[in-house]
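Worksheet: one structure, shown below.
One-based numbering, in listed order, for ligands and for the atoms of each. For clarity, every value in this text was computed on a predicted model and none was experimentally measured.
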Amino acid sequence: MSKKNGKNGKQANYEPKPEDKFSFGLWTLANRGRDPFGDAVRPTFPPNDIVQVLGEIGAWGVNLHDNDLVPIDATPKERDKIVREFRAACNESGVVVPMATVSLFFHPVFRDGAFTANDPEVRAYALQKTMRAMDLGAELGAKIFVLWGGREGVETDACRRADEAVKRLREAVNYLCEYNIAQKYGYRFAMEAKPNEPRGDIYMATTGHYLGFIPTLDHPEMVGVNPEFAHETMAGLNFMHGVAQAWEAGKLFHIDLNDQYPGRYDQDLRFGSANPKSAFWLVKFLEDVGYDGPRHFDAHAYRTENCEGVKDFARGCMRTYLILKEKAERWNEDREIQAILKEISAAAPNVPKNGRYSEKGAQSLLAHGFDKDAMLRKRLPYELLDQLTVDLLLGVR
Ligand code: GLT
Ligand code: MN
Ligand code: MN
């Protein structure tokens with residue numbers, strides 16, 4: 001590893017600091033490499049040990065589903081003991097719990113979905129389980145509650161009308177917002193989209209779907225999104241664009257960082273390992289706008305790894321983020337790049353302004369004569385701009 005410091009010597013050797021707000025889900029380090037074709041390759045990694053490792057490698061936070069920590073059939077007494085010991089482990093390692101979530105996908109009872117399931121009893125159980133997961137998260141200090149509807153979908157559209165699913169989801173989220181208010185938990189809900197897997201099709205396939213859904217809720221201010229790199233990439237989308245739209249709408253409450261080759265199963269690869277250039281634009285966006293929420297890595301180590309490799313994986317996520325952050329600073333300070341940026345958005349003199357509509361402005365716009373040939377002569381050196389970016393990323397600039 002190079003001993004070279006980050007810009008201004010700020011972050012020596014890309015070591016993570018608490019202010020980077022790097023977090024990992026318990027389920028990410030606990031991932032044992034099980035897949036639809038093969039069994040676990042790594043031993044169980046108990047939650048309290050995970051927290052210790054996270055502290056050791058410089059992560060700031062740990063996130064969890066209810067059942068990552070408390071088994072689904074634990075008695076209240078067992079639950080309280082587990083939670084007490086987990087809190088102690090967090091305190092000892094200096095690791096915080098910024099986000100909590102609920103598993104509404106693992107238990108077979110959710111085979112037809114949770115909030116959108118056809119059986120009203122399943123829908124009621126899903127609400128109860130989520131309220132209890134909110135209680136758990138609140139006890140651990142979490143202020144963000146993620147809802148990923150992994151099983152909210154179909155293999156056949158014969159089973160329900162898709163707009164009925166939207167209505168059921170709305171009813172459930174409204175209910176949970178009221179519970180949040182009644183309990184004074186102060187949560188912000190972050191809705192996580194995914195197009196498919198484990199269901200053939202999942203409702204609310206993209207972050208954009210959720211941005212359309214949220215304003216229809218009773219408490220839209222309490223609900224935002226948790227976009228995941230892999231999920232938008234599975235849908236063939238430009239992840240940063242979705243994140244930017246969420247940010248611009250004031251809805252980027254949380255983010256799931258990982259990587260993914262398009263057109264494949266849900267890979268949850270180490271951040272920046274498959275599409276470093278897309279990861280660069282994302283990091284540059286988050287840093288440029290001053291996103292100050294958690295930078296959560298929702299990924300897991302290759303199935304070929306052992307326990308040491310799991311640490312390599314986690315360190316790698318954070319390291320790549322910090323390298324890309326440094327590259328983004330260099331990009332912003334690069335004179336040639338900045339000169340091109342200035343050139344491409346400069347206007348010729350006497351161009352009518354768009355801005356807000358006014359009758360006078362509209363009259364002068366309608367009266368203006370545009371010289372299309374002159375407009376076409378303007379240089380747009382995007383090839384050069386992109387090559388300078390590539391040079392910078394590949395380390396020759
Ligand atoms: C699951 C999923 C993730 C979600 C988690 C939160 S669980 O691992 O693949 O994308 O963020 O429920
Ligand atoms: Mn995720
Ligand atoms: Mn995923």
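Taking the charged nitrogens against the carboxylate oxygens, Lys81 and Glu78 have no contact shorter than 4.0 Å, which rules out a salt bridge.
Looking only at heavy atoms of the protein, atom 8 (O) of ligand 1 is closest to Trp27 NE1, 3.3 Å. Here the protein heavy atom with the shortest distance to atom 3 (C) of ligand 1 is Asp298 OD2, 2.9 Å. Annotation: atom 11 (O) of ligand 1 to nearest protein heavy atom, Glu192 OE1, 2.6 Å. The protein heavy-atom contact nearest to atom 9 (O) of ligand 1 is Asp266 OD2, 4.0 Å.
The shortest N or O to N or O distance between Trp148 and ligand 1 is not under 3.5 Å. Taking only nitrogen or oxygen atoms, main chain and side chain alike, His65 reaches within less than 3.5 Å of ligand 1.
The aromatic ring centroids of Phe313 and Tyr302 lie 6.0 Å or more from each other. No close placement of the Phe285 and Tyr291 rings is indicated, their centers lying 6.0 Å or farther apart. Ring centroid separation for the pair His107 and Tyr125 does not come in under the 6.0 Å cut-off.
The atoms of ligand 1 that sit less than 4.0 Å from any heavy atom of His231 are 10 (O). For ligand 1, the atoms sitting less than 4.0 Å from at least one non-hydrogen atom of Asp256 are 11 (O), numbered in the order shown with element in parentheses. Of all the atoms in ligand 1, the ones that sit under 4.0 Å from a non-hydrogen atom of Phe105 are 7 (S), 12 (O).
For the Mn ion (ligand 2), the nearest N, O or S atom contributed by Asp298 is named OD2. Within Asp256, the N/O/S atom positioned nearest the Mn ion (ligand 2) carries the name OD2. For the Mn ion (ligand 3), the nearest N, O or S atom contributed by Glu228 is named OE2. The Mn ion (ligand 2) lies closest to atom OE2 when only the N/O/S atoms of Glu192 are considered. As for His231, its N/O/S atom nearest the Mn ion (ligand 3) is the one called NE2. Residue-level check: among N/O/S atoms of Asp268, OD1 sits closest to the Mn ion (ligand 3).
Between Phe297 and Phe271, the ring planes lie tilted relative to each other; the angle falls in the 30° to 60° range. Using the six-membered ring where Trp is involved, His368 and Phe370 have ring planes that are perpendicular, over 60° apart on the 30 and 60° scheme.
Stacking of Arg151 on the aromatic ring of Phe110 is not recorded, the 6.0 Å distance cut-off and the 45° axial limit not both being met.
If you check the side chains of Asp256 and Asn226, you find a donor sitting under 3.5 Å from an acceptor. A donor-acceptor pair shorter than 3.5 Å can be found between the side chains of Asp391 and Gln387. With hydrogens and angles left out, the side-chain atoms of Glu228 and Asn258 include a donor and acceptor closer than 3.5 Å.
With a 4.0 Å heavy-atom cut-off, ligand 1 is reached by no atom of Val102.
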